[in-house]
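Values below: every heavy atom of this structure, side chains too, minus hydrogens, waters and symmetry copies. For clarity, every value in this text was computed on a predicted model and none was experimentally measured.
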Amino acid sequence: DADAAQKAKTPEEIEEENQAEADAALAQAKKALETSIANAKAALGGLTGSEKSAVETAIVEAEKVLIKVGATAIEYTAASEKLDAIVAAAKALEDQETQEEQAAEALAEAKAGLSAAIDEAKEVLKGLTGDEKSAVETAIVEAEKVLNDADSTVTELNTETAELNQVVADADAAQKAKTPEEIEEE
């Protein structure tokens, strides 16, 4: 009978058990805060700028709670949760910035690709006549519109590059298939 055993305990014994449970909870909360601080310090290597500063500040605040004389389990837990939340938010912001940087790089690469295709088309244009020349001139104008549109996406730029390259390839092949007489007539 657990109930009978509990009733048979003296108030001092009950107090000792309660204190032991409180001490265990305090130790567990303190250990969780130590782990949060260690994880936050480990995360610093992947952070920059304001995100890194925010985590550094949060670590200092958490360490103050950790060394506080008489800190409670509730204080340790609150500091741990706050630090974990700040680290998670900083990582999310850093990830977002990385994605934005990658998107900007992809856009720059797509613009450079289309610009190079336009330059190549202009070179090929010099050797074209007739309908082939007109087709490439039109394709260059369209490509330049997409290139100069500030709202063009990577997909639009890459699609325009592929289309321009195809028009140029087709025109170049058709030009090479012409006889000297056909070229003379144009």
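Salt-bridge check for Lys91 with Asp95: failed, with every basic side-chain N at 4.0 Å or more from each acidic carboxylate O. Here Lys41 pairs with Glu63 in a salt bridge; the nearest charged N to carboxylate O distance falls below 4.0 Å. Ion pairing between a basic and an acidic side chain is recognised when a charged N comes within 4.0 Å of a carboxylate O; Lys64 and Glu61 show such pairing. Lys178 and Glu132 are joined by a salt bridge, as a carboxylate oxygen and a charged side-chain nitrogen come within less than 4.0 angstrom of each other.
Expressed to the nearest 0.5 Å, how far CG of Asp149 lies from NZ of Lys111 amounts to 8.5 Å. Between atom CG of residue Leu66 and atom CD1 of residue Ile59 there is a gap of 12.0 Å, rounded to the nearest 0.5 Å. For the atom pair CD (Glu163) and CD (Glu156), the distance works out to 11.0 Å, reported to the nearest 0.5 Å. Considering CG of Leu44 and CG of Asn39, their distance stands at 11.0 Å, rounded to 0.5 Å. One finds the NZ atom of Lys176 at 9.5 Å from the CG atom of Leu128 (value rounded to the nearest 0.5 Å). A distance of 7.5 Å separates CG in Leu47 from NZ in Lys52, rounded to the nearest 0.5 Å.
The two residues Ala110 and Thr161 come nearest to each other via the heavy atoms O-OG1, 4.4 Å. A pairwise comparison of heavy atoms in Tyr76 and Leu26 identifies CE1-CD1, 3.4 Å as the closest pair. The nearest pair of heavy atoms linking Ala73 to Ala29 is O-CB, 3.6 Å. Of all non-hydrogen atoms in Leu164 and Ala143, the two that sit nearest each other are CD2-CB, 3.9 Å. Scanning both residues, Ser36 and Asp84, for their nearest heavy atoms gives OG-OD1, 2.9 Å. Scanning both residues, Val168 and Ala121, for their nearest heavy atoms gives CG2-CB, 3.5 Å.
Residues Asp170 and Gln166 are in side-chain contact: their nearest non-hydrogen atoms beyond the backbone lie under 4.5 Å apart. Inter-residue side-chain proximity for Glu13 and Glu17 is flagged as unmet; no heavy-atom pair is nearer than 4.5 Å.
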Test log, rule side-chain contact (heavy atoms from CB on, under 4.5 Å), inputs Val136 and Val124: CA-CA 9 Å; Val136 171; Val124 172; 5.7 Å; no

Trace of the side-chain contact (heavy atoms from CB on, under 4.5 Å) decision for Glu51 with Glu97: CA-CA 11 Å; Glu51 290 83 17; Glu97 288 173 2; 2.9 Å; yes

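No chain of hydrophobic side-chain contacts below 4.5 Å, direct or via other Ile, Leu, Val, Met, Phe, Trp or Tyr residues, connects Ile74 to Leu33. Taking hydrophobic clusters as Ile, Leu, Val, Met, Phe, Trp and Tyr residues chained together by side-chain heavy-atom distances below 4.5 Å, Val154 shares a cluster with Leu147.
Under the 3.5 Å distance criterion, the side-chain polar atoms of Glu75 are left unmatched by any main-chain donor or acceptor of Val65.
The side-chain hydrogen bond (donor to acceptor under 3.5 Å, both in side chains) test with Gln96 is passed by exactly one of Glu100, Gln99, Glu94: Glu100.
Gln28 CD: 12 or fewer foreign heavy atoms inside a 6.0 Å radius.
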